[in-house]
Amino acid sequence: MFETLGERLEGALSRIRGKTRLTQADVDEALAEIRRALLEADVNVGVVNLISERVGQAAVGAMSSPSLTPGQQVVKAVHNELIDVLGQDTYRIRFASTPPTILLLAGLQGSGKTTAAAKLALLLRRQGRSPYLVAADLARPGAVRQLEILGEQAGVPVFSEPTTPVEVAIKGVAEAKRLARDVVIIDTAGRLAIDDALMNEVSEIQKATQAHLRFLVVDAMIGQDAVVTARAFDERLELSAVILTKLDGDARGGAALSVKEVVGKPIAFASVGEKLEDFEPFYPDRMASRILGMGDVLSLIERAQDTMDEDVAKKGADRLRSGHFDLEDFLEQLRQVRRMGPLKGVLSMLPGVPKELKNQEIDEGEISRIEAIVSSMTKAERKNPTMIDTSRRARIAAGSGTTQLQVNTLLKQFRDMNKMMRQMGVGPPSATRSRAKSKRKKRR
Amino acid sequence: MESLLILVVLFIILAFGLALVRTRSNSNRRQIDRTGRTEVEAKTAEIDRQADDGESATVAEIAPADGPLTEEDDGVRDGHSEVGVLEPEPNSIATSLSRSRGPFASLFSRLRSNNDGIDAEEWTRLEETLILSDMGPSLATEIVAELRNQLGKSPSASALRQALIELLTSKFLATTRELQFSKDTKPSVVLVVGVNGTGKTTTIGKIASLLTVAGRSVMIAAGDTFRAAATEQVGVWAALTGVEVVSGQPGADPASVIFDAIEHARAVGSDVVLCDTAGRLQTKTNLMEELKKIRRVAAKSSGEVTEVLLVIDATTGQNGLRQAEVFHGAAEVTGIVLTKLDGSAKGGVALAIESQFGIPIKLVGLGEGLADLAPFDPEAFVAALLGEESDV
């Protein structure tokens with residue numbers, strides 16, 4: 001989601017990056033571009049002014065410094081500034097010494113509280129906790145039922161009763177204690193920050209339950225109002241942290257920067273997909289890297305660890321290194337990678353992938369076809385594709401529902417790939433690094 | 001294209017294979033020192049650290065911190081105990097937006113007391129105030145430039161205000177904002193689409209009420225078969241308005257649910273079918289394909305699709321433009337419903353959307369009551385955005 005902000009900044013900075021002499025005009029132009037990029041990403045106006053001011057100061061310093069690359073210094077100043085604003089540390093839930101730890105979720109209508117509550121419950125359950133969900137959103141029709149269904153999917157019990165939100169919360173906590181659950185997650189109704197009656201209600205819930213942690217759920221697509229909303233909720237609830245939802249869209253997520261800077265509350269979790277498991281701790285440093293176009297390698301690797309069989313991955317890598325990467329390995333790896341989800345998503349997280357490639361529409365059907373072709377070969381054929389003659393080719397095409405031409409193209413491309421990889425020096429680790437470098441060079 | 005794909009696949013395999021292998025083989029490397037390391041080193045170190053911990057990072061990062069909670073427990077604000085009574089009257093744009101009049105009001109009062117005219121700094125303020133309404137930097141810059149051009153260097157505050165009102169109002173291009181219904185085909189079909197959480201289902205309930213009151217017979221198609229309990233939610237609204245709902249099983253094909261509803265409506269002679277759809281982020285290609293299919297299937301039914309309403313949350317920032325663009329591309333949006341305008345957000349992105357794509361804003365959502373849906377009135381919107389003259 002941050003890619004576009006990264007790209008915009010990249011564009012703004014590219015003109016001064018290599019300059020050995022900076023003029024005031026250069027700096028002004030770059031600052032104006034940076035300002036615009038941030039505003040388009042919905043970073044709050046006040047925060048944008050702060051950032052450009054600080055970067056401006058750094059730029060003035062760079063202009064007068066004897067350094068050979070003042071342009072680089074400005075670029076670095078922008079990067080540092082973003083990392084500063086987002087913060088370095090990952091939020092950790094501090095569990096109460098006497099369970100249950102009570103978590104209260106609040107936010108505007110439609111920010112995704114109910115879904116976030118269930119996702120958080122699943123995350124905690126997977127960490128060995130025994131969470132308990134309390135459905136205190138009695139305002140939206142169907143909200144309780146929604147949480148019940150999601151709770152069931154997450155394997156977490158849900159409490160509710162048709163009384164009042166405050167009462168539901170109190171009883172829910174009591175029930176959690178009785179059942180010896182160690183975390184209680186209270187889902188509340190969406191409310192507008194300026195709606196005094198409902199804001200009082202959420203204060204009441206907080207007072208009655210003494211929730212240890214209060215999370216504000218914020219839609220990543222929110223605009224300038226993010227700051228107003230976060231402030232208002234913070235005043236009432238003294239927020240502990242923020243949960244950012246719908247990060248799987250293409251919002252540039254200025255809200256993340258703004259809320260952190262203005263209200264000073266860290267972003268604890270990010271919701272990154274429609275499935276219950278698409279919920280993860282928010283890593284500010286990774287997000288900063290993502291803004292700066294470094295890709296989101298660490299999240300990717302984490303997902304890989306969850307879904308991929310390490311031995312298979314290692315075997316594939318070994319085969320690649322030794323130069324014996326055949327179609328059998330290819331198929332195995334392809335299946336692994338596909339298990340991680342749509343390739344486009346995976347691709348967007350990789351650093352150094354050229355923009356053109358990232359924006360390329362990836363046709364999953366095409367990939368399925370490739371998989372079908374390779375699957376239709378015998379083991380021997382996969383190990384030694386040269387043995388594939390006309391009749392074998394016809395059989396493979398028939399088996400995979402493709403044409404002989406498509407089979408041929410695939411075989412040829414696989415040969416080319418192998419050749420290319422050998423040229424890129426896929427081999428022992430040292431060679432790998434130089435490959436990574438050359439790939440990056442190519443991007444420029 | 002095919003070769004490209006293979007390349008991609010292999011890149012990924014490579015990246016993973018190597019990353020994982022490195023995790024294994026160099027597992028003795030030291031802790032991270034992020035500052036002063038190259039990107040590659042920092043990443044490698046991070047991976048190593050995870051390997052050292054012997055568990056996945058997710059677990060490591062949120063694992064229980066042992067200390068007891070200290071300051072957390074006294075965090076209760078001194079909240080007021082009395083809960084206010086909800087307004088029975090439907091909300092209007094003016095009362096809703098007036099709550100958020102602040103920035104413009106203070107800008108103009110400053111300008112008024114400042115007799116020296118408007119300097120560069122004040123122009124910047126004006127631009128920032130416009131941006132605060134979420135209309136986006138491009139439109140704000142454009143508006144300020146036009147005003148400066150039109151008014152010269154130092155106009156009076158009241159001339160500026162008047163010109164701003166006119167200019168903003170002129171950005172709303174649409175000539176008609178009425179909901180369209182078919183004259184000769186029954187039923188007219190209204191598709192309601194949008195990203196997650198904008199208020200599609202609530203809007204459907206409100207439109208149902210509006211149309212029922214106007215004497216039309218309405219049916220609701222519960223086309224959100226994805227979200228848990230979405231059908232129940234729409235059912236509650238339907239019950240409130242006395243409208244029939246046609247729904248399918250959870251996970252059913254939304255296009256077929258909607259098709260069935262339209263055919264059923266035709267059979268029983270309903271005038272309008274309001275079709276709820278699941279929230280979808282515009283980046284999800286498969287879900288946008290599903291939407292195209294819904295649109296196609298609805299068009300093939302015996303009803304006539306007269307409206308495709310895109311519901312946009314007034315708190316949305318510049319992403320609203322993307323939403324409009326992509327949804328319009330997939331489903332030929334005929335109008336915008338701007339919801340949650342009763343909050344502190346000003347909904348400026350709607351102005352940007354209409355001026356950029358020419359999609360008319362047709363309705364605004366102003367509260368949680370059945371009657372809190374109003375036709376969009378550009379003049380009232382702009383007036384409310386800037387605040388009343390007397391407030392200045």
Side-chain angles (χ1 to χ4, degrees), chain A residues 36 39-40 42 45 90 92-97 110 112 127 141-142 145-146 149-150 192-194 196-197 200-201 203-204 206-207 212 221-225 228 236 238 248-251 281 294 297-298 301-302 304-305 310 313-314 316-317 320 333-334 337 346 350 366-367 409 413 417 432, chain B residues 2-3 5-6 8-10 12-13 15-21 39 43 46-47 56-59 61-62 64-65 68-69 72-73 75-77 79-80 83-84 99 128 131-132 134 137 196-199 228-229 232-233 236-237 281 283 313 315-319 322 340 342-345 349:
Chain A
R36 204 180 173 74
L39 286 172
E40 274 176 8
D42 293 317
V45 171
T90 305
R92 289 158 187 255
I93 288 185
R94 303 196 60 185
F95 292 95
S97 49
Q127 284 168 17
R145 185 80 196 105
Q146 184 187 356
I149 294 170
L150 294 176
L192 295 167
I194 51 168
D196 276 333
N200 284 337
E201 182 196 270
S203 298
E204 286 294 308
Q206 163 60 20
K207 238 197 219 166
H212 301 100
M221 292 177 285
I222 195 170
Q224 296 289 330
D225 193 53
V228 181
R236 297 288 185 136
E238 199 186 330
D248 44 334
D250 56 3
M294 282 157 62
V297 193
L298 297 175
I301 286 171
E302 231 161 62
Q305 279 172 339
E310 245 176 273
K314 187 174 181 314
L320 266 177
Q333 300 300 326
L334 181 64
V337 171
V346 176
L350 269 181
E366 181 85 39
I367 296 171
T409 318
Q413 276 162 351
M417 268 314 307
T432 327
Chain B
E2 209 174 32
S3 73
L5 280 171
I6 297 185
V8 168
V9 172
L10 284 168
I12 294 165
I13 293 167
F16 279 125
L18 295 173
L20 290 167
V21 167
E39 156 191 344
K43 277 171 201 155
E46 175 86 43
I47 298 160
S56 96
T58 323
V59 177
E61 299 281 356
I62 348 172
L69 281 170
E72 304 289 358
D73 292 63
V76 192
R77 285 301 65 59
H80 311 278
V83 172
R99 293 169 189 158
E128 287 178 3
I131 290 171
L132 274 177
D134 283 323
N196 314 60
T198 53
E232 286 193 17
Q233 186 181 351
V236 171
W237 285 109
L281 294 177
T283 47
D313 183 332
T315 53
T316 310
Q318 297 312 294
N319 193 250
R322 282 294 292 159
K340 308 183 200 173
D342 49 331
S344 47
V349 73

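Only a predicted model underlies this, so the values are computations on that prediction, with no experimental measurement involved. The sequence lines fix the lettering, A, B, ..., with proteins before strands; numbering per chain opens at 1.
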>> Please evaluate residues B:Thr315 and A:Asp225 with respect to the criterion side-chain hydrogen bond (donor to acceptor under 3.5 Å, both in side chains), reporting the C-alpha separation (whole Å), side-chain torsions for both, the decisive distance (0.1 Å), and the verdict.
In response: CA-CA 6 Å; B:Thr315 53; A:Asp225 193 53; 6.0 Å; no
Minimal heavy-atom distance between B:Ile131 and A:Gln224, with the atoms involved, is O-CG, 3.3 Å
Correct closest heavy-atom pair for B:Ala229 and A:Gln146 would be CB-N, 3.3 Å
query = Are any of the side-chain heavy atoms of A:Met221 and B:Leu281 separated by less than 4.5 Å?
reply = yes
Heavy-atom nearest pair, A:Val228 first then B:Ser344, reads CG1-OG, 3.7 Å
If one checks every heavy atom of B:Thr198 against chain A at 4.5 Å, the contacting part turns out to be neither
Nearest heavy-atom contact between B:Thr283 and A:Asp248 is OG1-O, 3.2 Å
Nearest heavy-atom approach of B:Gln318 to A:Glu40 is CB-O, 3.4 Å
Looking only at A:Ala193, A:Gly110, A:Gly112, A:Pro141, the option with the highest number of non-hydrogen pairs under 4.5 Å against chain B is A:Pro141
- Query: Where the side chain of B:Asp134 meets the backbone of A:Gly223, is there a donor-acceptor pair that is under 3.5 Å apart?
  - Reply: no
Turns out that what part of B:Asp313 lies under 4.5 Å from chain A's heavy atoms comes down to side chain
The reported gap from CG in B:Asp342 to CD1 in A:Ile194 (rounded to nearest 0.5 angstrom) is 6.5 Å
